Amino acid sequence: MTGPFSRYLKLPKDPLFRLLVINGAAGLGIAALVLGGIFLANIGNLRELVLAADDPFLPVIMLAFGLIITLVSVVMGSAIMLLGDKSREGGGGGKPKALRFSAPLNPIPVTVAGRGIRKDRD
């Protein structure tokens, strides 16, 4: 890694672990933003409930732990699932490539039995 912070950040040499560390840090930042947004927007009067609690740190830690586990897992999982995506290589952006079929598509007629009046119903 070359950049201004390369001497401070010691990322793993293995590309997979480097991918996981970088995306884990991104998920951690997203979790912090969501936690701050929840308290800033006061969703469900959560801020007042936490501030009125005897120990306000416990609910904040529990909510932060849940958000961190969820969002870090989502970001890391999506990064891993996109590893084999060949359409993301190259310049990025643009229209997706059209699917190409080797054989022509022909419609197949399907017969469906008609619905008659069932005599066992009363």
Side-chain angles (χ1 to χ4, degrees):
M1 174 180 182
T2 59
F5 300 110
S6 62
R7 61 181 156 198
Y8 302 115
L9 296 176
K10 299 297 180 194
L11 292 175
K13 299 279 185 211
D14 187 21
L16 179 63
F17 290 133
R18 185 180 306 133
L19 176 83
L20 293 177
V21 167
I22 291 171
N23 285 289
L28 191 65
I30 292 170
L33 287 173
V34 169
L35 181 67
I38 287 173
F39 285 120
L40 185 66
N42 197 16
I43 297 173
N45 288 330
L46 189 62
R47 182 175 55 208
E48 279 86 19
L49 286 173
V50 168
L51 291 175
D54 292 336
D55 185 18
F57 294 109
L58 183 63
V60 173
I61 290 172
M62 290 176 63
L63 180 61
F65 183 74
L67 285 171
I68 287 170
I69 292 295
T70 303
L71 295 174
V72 167
S73 299
V74 166
V75 173
M76 290 171 72
S78 63
I80 289 173
M81 286 187 270
L82 288 173
L83 276 177
D85 190 9
K86 300 294 183 195
S87 66
R88 295 180 55 87
E89 292 178 2
K95 294 182 181 178
K97 295 178 182 171
L99 296 175
R100 294 191 178 126
F101 297 100
S102 59
L105 299 177
N106 295 323
I108 300 172
V110 177
T111 57
V112 178
R115 291 188 178 205
I117 299 174
R118 293 177 56 183
K119 296 189 180 197
D120 59 343
R121 285 190 190 176
D122 287 328

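Source: prediction; values computed, not measured.
Hydrophobic clustering (side-chain heavy atoms under 4.5 Å, transitive across Ile, Leu, Val, Met, Phe, Trp, Tyr) groups Leu67 together with Phe39. Connection of Ile38 to Leu58 is not established within any shared hydrophobic cluster, with ILVMFWY side chains joined at heavy-atom distances below 4.5 Å, either directly or through further cluster members. In the hydrophobic clustering of ILVMFWY residues, with side-chain heavy atoms under 4.5 Å counting as a link, Ile68 and Met76 come out together. Connection of Ile43 to Val34 is established within a shared hydrophobic cluster, with ILVMFWY side chains joined at heavy-atom distances below 4.5 Å, either directly or through further cluster members. Linking ILVMFWY side-chain heavy atoms closer than 4.5 Å, directly or via other members, places Val72 and Phe17 in a single hydrophobic cluster.
When all heavy atoms are compared, the tightest approach of Ala64 to Leu35 is CB-CD2, 3.8 Å. The two residues Arg18 and Lys13 make their nearest non-hydrogen contact at NH2-O, 3.1 Å. The two residues Val50 and Pro56 have their closest heavy-atom pair at O-CB, 3.2 Å.
You'll find the side chain of Leu16 reaches within 4.5 Å of the side chain of Leu83, heavy atoms only. Here the side chains of Val75 and Leu28 are not in contact, with every heavy-atom distance at 4.5 Å or above. A heavy-atom distance below 4.5 Å is found between the side chains of Leu46 and Leu63.
The CD1 atom of Ile30 sits 12.5 Å away from atom OG1 of Thr70, with the distance rounded to the nearest 0.5 Å. One finds the CG atom of Leu51 at 9.0 Å from the CG atom of Asn42 (value rounded to the nearest 0.5 Å).
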